[in-house]
Amino acid sequence: MNNSDSRINPRQLGTPRGGSYAAVPTSGDRKNLNKPTRGRKKSIFEAYMSKEDVSAGLKRGELIQGPLRINPKKYHEAFIPSPDGTRDIFIDGVVARNRALNGDIVVVKLLPKEQWKVSSVYFSVIKPDGSDKETEATHESDVPEDMLGTCIPQETVKGDAKSPDVIIEAQFDDNDAEHGQDHLQVTLTDDIKKFSLDTNAVGISGVHRTKQNDGPKVNDPRLLPDKFLQRTAKVVYILEKKHSRAATGFIKLLADKNSELFKRCAMFSPVDHRVPRAYVSLADCPQDFVTRPEDYSNMLFICRIVDWKEDSNFATGYLAKSLGQAGEIEPETEGILTEYGVDFSDFSPEALECLPQNLPWVISPGELAKRRDLRKECIFTIDPSTAKDLDDALSCKQLPDGNFEVGVHIADVSYFVLEETALDKIASERATSVYLVQKVIPMLPKLLCEELCSLNPMRDRLTFSVMWKVTPEGKILDEWLGRTVMCSCVKLSYDHAQSMIENPGKVFSPEELPPVSPQHSIAEIQQAVLNLHRIAQHLRKQRFIDGALRLDQLKLSFTLDQESGMPQGCYIYQYRDSNKLVEEFMLLANMAVAHQIYRSFPEQALLRRHPPPQTKLLKDLMEFCNQVGLDIDFSSAGTLHKSLNETFGADKYSEARKEVLTNMFSRPMQMALYFCTGVLEDETLFRHYALNVPFYTHFTSPIRRYADIIVHRLLSASLGGSPIKMEKEAIQRQADHCNDRKMASKRVQELSADLFFAIFVRECGPLESEAMVMGVLNEAFDVLVLKFGVQKRIYCNALPLLGFHFQKVGRKPELTLMWEPEKPEQESVPQVITIFTLVEVVLTSDGVPLKYSALLKRPSSEK
């Protein structure tokens with residue numbers, strides 16, 4: 001790619017004749033377009049307010065700030081959270097969004113009430129973050145910025161079709177983006193019927209129409225109570241450009257061959273429709289692109305957006321890189337990493353110079369003298385079989401009085417990563433390791449991740465330990481935290497530990513396990529695992545009695561071909577007793593350290609809080625559960641957990657029903673967040689909703705999370721080590737950055753799994769599976785594909801139907817599909833689709849890179 005200086009001057013660019021989508025005005029936009037002015041080019045977007053006016057407006061409460069979320073299925077719809085936790089504020093159209101991109105922190109001004117929207121709510125669903133050992137009980141609902149899948153329509157009202165007044169608050173599965181506008185069901189709520197409106201179902205087409213008599217019109221928001229309205233706003237300022245301004249996509253020649261621009265520019269079309277199209281200089285494009293554009297029709301490029309002027313429909317960008325063919329693993333992966341701002345470059349020489357240069361590295365006698373020596377204890381690691389960065393180990397020793405000494409031992413990464421060094425700077429910027437299906441993008445150099453800090457077997461390692469004296473029933477009698485040195489006696493996988501738990505009487509031969517230190521017997525290790533398991537069971541049971549919540553969602557894992565790296569198979573990851581064992585002690589250690597650092601540094605402690613669910617979404621979900629006859633107690637995290645785990649029937653599909661509900665319950669959950677205690681005055685806000693505890697932090701994964709390194713430094717200072725240099729404001733800034741990077745890394749992880757699954761469908765499909773219905777719309781429905789844990793939308797118009805009919809049974813949405821007979825003499829087969837209906841689906845590749853569809857299998861006509 002040649003980065004020539006024939007750069008485009010953004011000022012010279014207007015809208016080309018025959019140009020395609022960019023800021024096409026929507027109903028909201030039309031109200032906000034600037035009046036044309038003589039003598040200068042008409043602006044499409046409003047100029048941003050000045051910093052001073054924004055600051056004053058925020059102080060007076062006239063303006064509102066928040067992170068922008070753009071609906072990936074309908075790029076003209078965007079939202080920011082309402083500061084009071086009620087329904088999101090809606091930003092209607094590209095013009096009202098005023099050049100802000102997804103994730104940006106924006107300042108908005110509310111529009112007059114007559115422009116507010118009559119609202120409709122959908123619950124949407126998310127996938128878990130599979131890499132945490134201490135999953136904070138709900139996977140903390142670290143909700144990605146575009147949630148996957150849609151669920152359950154609330155009842156909605158709708159104005160005229162050209163200017164839809166029905167707004168979808170939640171976000172959608174971008175796999176379905178190509179299907180464009182959804183046709184929303186338009187039945188009315190009982191309350192709105194008071195406004196003299198009635199509903200009338202028409203024919204078998206599934207379309208409900210609303211008749212209006214002489215009463216007030218539903219689409220005049222001023223006549224409706226606020227509870228039916230969604231406030232709308234326009235963006236007046238971008239406080240922080242959080243979006244990376246990088247996108248993957250394709251390049252095309254401009255449509256108008258006679259224009260001046262045609263000779264200088266190409267059009268970049270991003271794969272993600274939430275990013276604008278952009279002019280790029282032809283000088284950045286491959287040399288033969290103009291003469292052979294068809295050669296590049298399937299070639300992915302990365303474009304960085306550098307500008308977007310008020311008078312242009314399109315942004316200006318430069319092509320940073322050609323990635324390769326769309327639909328191939330490495331180009332697509334690099335595109336995902338770049339779009340989400342993941343630094344996958346090599347570590348700089350300055351950073352690597354911070355590591356010990358004399359290898360093999362040995363612990364100095366001076367350092368040993370400062371630590372409690374645990375090298376002779378039976379300590380071991382339990383991790384996924386492929387893990388190389390082993391940052392936590394466990395021990396369990398029976399004491400003469402019948403109690404146990406249990407230890408959690410965590411790699412002392414802060415010994416190697418010193419504050420304010422070049423390595424510290426890079427680690428703080430990366431903030432987290434990123435786990436893709438086929439590889440890890442590490443936060444720290446390999447020498448630290450896999451060697452010096454990794455608790456590899458038969459190697460002396462520096463650690464921080466939390467040790468407890470506990471009864472066999474898991475009651476804690478005593479606690480100790482300190483610097484230690486240890487030597488792991490074996491690297492167990494979750495499978496090894498599970499096998500020991502499931503076969504307590506079995507004598508394991510050395511061949512069945514990885515190499516074991518000669519200082520400890522297999523029997524001793526097995527006994528320690530069994531004792532830990534029994535104590536963990538008590539701890540876990542007590543946690544849920546005390547009111548914790550866990551929302552486990554399905555996680556897809558892959559087996560890859562060793563040579564080609566292509567997915568050969570995929571399966572749903574099983575969360576078993578060995579995982580639960582490790583999780584319980586990680587949670588316990590994190591809580592112990594949270595108390596210790598907050599006690600010692602009430603102004604500087606880095607903790608992790610989990611706010612309660614969003615009120616408005618929780619109310620919507622409660623109403624929906626009532627409508628479909630589900631008896632769920634939403635009063636606390638604990639009651640919600642209890643409701644979810646009381647079996648939904650005893651048949652083999654009770655687990656599937658639980659999965660569907662788990663997805664629904666995840667929707668109102670907020671993200672857990674790192675924060676500095678000195679900046680939050682109200683201690684009740686420190687609480688972790690899902691764990692139902694007052695103080696929590698992350699201490700157990702310092703190799704892959706920077707927040708844990710800060711926590712280690714605070715812990716070290718609390719134990720008499722050198723004081724931490726960071727002030728509370730700096731800690732809060734780093735906490736915010738860790739939150740952003742955790743969210744990005746979670747999204748990248750999901751997109752990596754989506755990429756591999758789409759390739760798996762393409763290479764090994766069509767794939768058949770049972771699926772359970774999780775949401776019903778009037779012309780489509782959403783299913784959870786049980787074999788693979790993916791969610792897909794099935795459209796009625798893609799099925800061989802004579803017709804379909806949507807209705808409410810009571811208040812429960814129901815679709816009746818009338819299948820075409822297979823033979824002329826047969827009758828049509830009806831199929832009723834409602835929440836929890838079990839169906840058979842076939843997943844098939846669409847022939848477009850990485851797109852696949854779910855089709856419903858025809859039901860058997862046999863009675």
| said: So Gln734 and Leu606, do their side chains get closer than 4.5 Å, heavy atoms only? | reply: no
| field | Side-chain donor-acceptor contact under 3.5 Å, Ser428 with His737 | value | no
| Are side-chain heavy atoms of Arg371 and Asp412 found at a separation under 4.5 Å? | yes
| said: Does Arg599 qualify as a cation-pi partner of Phe695, given the criterion of NZ or CZ under 6.0 Å from the six-membered ring centre and within 45 degrees of its axis? | reply: no
| Could you give the distance from CZ (Phe380) to SG (Cys396), rounded to the nearest 0.5 Å? | 7.5 Å
| Any luck finding a side-chain donor-acceptor pair between Tyr696 and Asn590 under 3.5 Å? | yes
| message | Could you go through Lys506 and Glu512, starting from their C-alpha distance and side-chain angles, then the distance that decides it, and tell me whether this counts as salt bridge (Lys or Arg N to Asp or Glu O under 4.0 Å)? | response | CA-CA 11 Å; Lys506 179 178 172 182; Glu512 292 175 272; 2.5 Å; yes
| query | If you draw the axis of the six-membered ring of Phe404, does the NZ or CZ of Arg534 fall within 45° of it and under 6.0 Å from the ring centre? | reply | no
| query | From Lys742 NZ over to Arg747 CZ, what is the distance, rounded to the nearest 0.5 angstrom? | reply | 15.0 Å
| query | Without hydrogens or angle criteria, can the side chains of Asp754 and Ser752 be said to hold a donor-acceptor pair below 3.5 Å? | reply | no
| Ionic contact status for Lys439 with Glu330, cut-off 4.0 Å | yes
| Lys397 and Cys378: side chain to side chain contact (heavy atoms under 4.5 Å, CB included), yes or no, with the steps? | CA-CA 8 Å; Lys397 181 166 74 177; Cys378 175; over 6 Å; no
| Can Glu511 and Ser509 be counted as having a side-chain donor-acceptor contact under 3.5 angstrom? | yes
| query | Judged by modelled atom types alone, do Ser454 and Asn456 share a side-chain donor-acceptor pair under 3.5 Å? | reply | yes
| said: Within the 3.5 Å criterion, strictly below it, is a donor on Ser499 or His496 matched to an acceptor on the partner's side chain? | reply: no
| said: Quiz question: by atom type and distance under 3.5 Å, do the side chains of Gln438 and Thr333 form a donor-acceptor pair? | reply: yes
